[in-house]
Amino acid sequence: MKPQATTGDDPRPLPPSGAIGYQQGMSSLIDLYAQRVASGEITVDPAQEAVLPEFERIRAELAKPVKKGFFRKAPPPPKGLYLWGGVGRGKSMLMDLFVDQLDVPARRVHFHAFMQEIHTAMHQARQDGIEDSLAPVAEKVAKEVKVLAFDEMQITDITDAMIVGRLFQILFDAGVVVVTTSNRVPDDLYKNGLNRQLFLPFIDILKDKMCVWELVSPNDYRQNRLQGEEVYFTPIDEASRQKIREVWEHLSGGPAQPLILKVKGREVEIPQFRNGVARATFYDLCGKMLGAGDYLALAETVKVLILEDIPRLGRSNFNEAKRFVTLIDALYEAGTRLVCSAADQPESLYIEGEGVFEFERTASRLREMQSASWGKDG
Ligand SMILES: Nc1ncnc2c1ncn2[C@@H]1O[C@H](COP(=O)(O)OP(=O)(O)O)[C@@H](O)[C@H]1O
Ligand SMILES: [Mg+2]
């Protein structure tokens with residue numbers, strides 16, 4: 001699939017009637033998964049298979065025709081699904097499979113991007129003189145979709161923690177079905193966060209409205225996908241560009257969204273992001289006034305960084321080189337995987353000027369980070 005920039009999510013309006021896959025008698029998610037296994041796209045995984053009936057339950061329930069009648073009340077919406085577990089287990093892949101088969105208005109969006117959008121809309125509403133800005137914002141979201149699919153729900157920010165309870169209550173009251181992936185069990189969300197007691201009702205709402213499911217697969221497929229794959233491409237030419245494109249498509253599995261990191265009240269935009277994989281050029285990350293805090297936030301948020309076009313470093317681009325050293329340190333500390341294209345091998349990237357000595361560590365880290373077993377797990 002060709003990555004393309006979107007405004008931060010994949011809006012999925014009602015498909016045209018008769019579109020393939022939306023007709024009556026379409027295949028269930030269980031069949032669809034089996035088809036992908038048969039075609040060799042994925043390998044069969046019992047832990048993934050085990051959760052398919054949960055997704056299928058929601059899909060089938062939502063696909064039922066709505067009986068209209070004066071006295072007939074709309075049936076209660078199905079319970080959503082909170083799918084959690086270690087990295088690379090296939091949570092996002094399964095959620096995408098599910099969202100692709102829905103024939104009701106649905107939105108798949110990175111949770112972080114969604115919350116940012118909510119804050120922006122609330123800010124706008126307050127400027128328009130609306131004091132309780134959350135309710136109208138949440139109601140607008142609820143009107144637009146039947147299903148919200150969040151990738152990577154996590155709460156680290158107090159401004160998010162303090163509004164999610166009411167936000168989700170409004171969404172659920174409006175009949176929105178929520179499906180989400182997360183690395184954490186609900187009880188561990190916003191763990192050790194400030195004023196956590198005010199956050200606890202949100203956890204109860206989640207547990208009430210969603211079926212909580214742990215994906216306990218022994219396989220980290222993301223790591224497997226990178227295993228034996230080259231991750232360092234040099235020189236920078238059409239061949240390495242093509243390789244990078246392939247790795248991106250292989251790992252991200254769909255259209256990109258920009259990722260906006262909030263760092264000390266500022267916003268840092270990473271141009272392309274999906275499924276834990278971020279993609280940027282050297283210039284995007286090291287050619288701008290970014291610092292250690294920004295790189296740490298990035299390293300902690302993404303699982304794989306694809307960094308293109310690392311030039312030769314030295315006197316002429318000393319500041320960029322210094323930032324690059326800081327970036328690699330942050331990725332290294334966080335265990336974030338790096339796939340990159342560079343003008344030369346790590347040891348030959350920086351050979352003249354101040355900072356040569358410092359760069360030895362960076363070069364060695366760049367080497368180490370290329371090994372198949374390197375990186376964060378679980
Ligand atoms: N059963 C499988 N067989 C092969 N590849 C898989 C399988 N499940 C997931 N993958 C791939 O592994 C990578 C990581 O999966 P992903 O859904 O992003 O994991 P998670 O969201 O749990 O971190 C993706 O590229 C995905 O397509
Ligand atoms: Mg994921």
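Start at 1 and go down the list; that is how both ligands and their atoms are numbered. Residue numbers run from 1 in the order of the sequence given.
Nearest non-hydrogen protein atom to atom 12 (O) of ligand 1 is Y221 CB, 3.0 Å. Of all protein heavy atoms, the one closest to atom 1 (N) of ligand 1 is T43 O, 2.8 Å. Nearest non-hydrogen protein atom to atom 17 (O) of ligand 1 is M93 N, 2.8 Å. Considering only non-hydrogen protein atoms, atom 5 (N) of ligand 1 sits nearest to R225 NH2, 3.2 Å. At the top of the distance list for atom 19 (O) of ligand 1, counting protein heavy atoms only, stands G90 N, 3.1 Å. The protein heavy-atom contact nearest to atom 23 (O) of ligand 1 is G88 N, 2.7 Å.
Contact between G276 and ligand 1 is absent, with no heavy atom of the residue lying under 4.0 Å from the ligand.
Side chain of R184 to backbone of D188: a donor-acceptor contact under 3.5 angstrom is found. Side chain of D329 to backbone of F324: no donor-acceptor contact under 3.5 angstrom is found. S252 contributes no side-chain N or O that, together with a main-chain N or O of V277, makes up a donor-acceptor pair within less than 3.5 Å. No side-chain donor-acceptor contact under 3.5 Å links S182 to the backbone of Q154. A donor-acceptor pair is defined here as one N or O able to donate and one able to accept, closer than 3.5 Å; no such pair exists between the side chain of H110 and the backbone of Q257.
Only backbone heavy atoms of L251 (N, CA, C or O) come within less than 4.0 Å of ligand 1; its side chain stays farther off. Contacts between K303 and ligand 1, counted as non-hydrogen atom pairs separated by less than 4.0 Å, are absent for every part of the residue.
Between Q48 and ligand 1, an N or O atom pair is found at a separation short of 3.5 Å. Here's the thing with L94: none of its N/O atoms is less than 3.5 angstrom from an N/O atom of ligand 1. Taking distance alone, with nitrogen or oxygen atoms compared against 3.5 Å, R222 approaches ligand 1 more closely than that limit.
Using a 4.0 Å cut-off to heavy atoms of I42, the atoms of ligand 1 that qualify are 1 (N), 2 (C), 3 (N), 4 (C). Near V87, meaning under 4.0 Å from any of its heavy atoms, are these atoms of ligand 1: 23 (O). Near H250, the atoms of ligand 1 lying under 4.0 angstrom from a non-hydrogen atom of the residue are 25 (O).
A salt bridge does not link E214 to K91: none of the charged nitrogens lies less than 4.0 Å from a carboxylate oxygen.
A continuous path of ILVMFWY side-chain contacts below 4.5 Å connects L206 to Y190, so both sit in one hydrophobic cluster.
With rounding to the nearest 0.5 Å, the separation of CZ in R274 from CH2 in W248 is 8.5 Å. Expressed to the nearest 0.5 Å, how far CG of L338 lies from CZ of R365 amounts to 13.0 Å. Here the CD atom belonging to E56 is positioned 4.5 Å from the CG atom belonging to L29, to the nearest 0.5 angstrom. Taking CZ of F114 as the start and CZ of F150 as the end, the distance is 4.0 Å to the nearest 0.5 Å.
Nearest heavy-atom pair, L171 versus A138, reported as atom, atom and distance to 0.1 Å: CD2-O, 3.7 Å. Of all heavy-atom pairs between D309 and R241, the closest is OD1-NH2, 3.7 Å.
Counting heavy atoms only, K91 comes closest to atom 22 (O) of ligand 1 of the residues R36, K91, E49, M95.
Ordered by chain and number, S92 OG make up the set of protein N, O or S atoms under 2.8 Å of the Mg ion (ligand 2).
The ring-ring contact (aromatic ring centres under 6.0 Å, His included) test applied to W374 returns Y332, not counting sequence neighbours.
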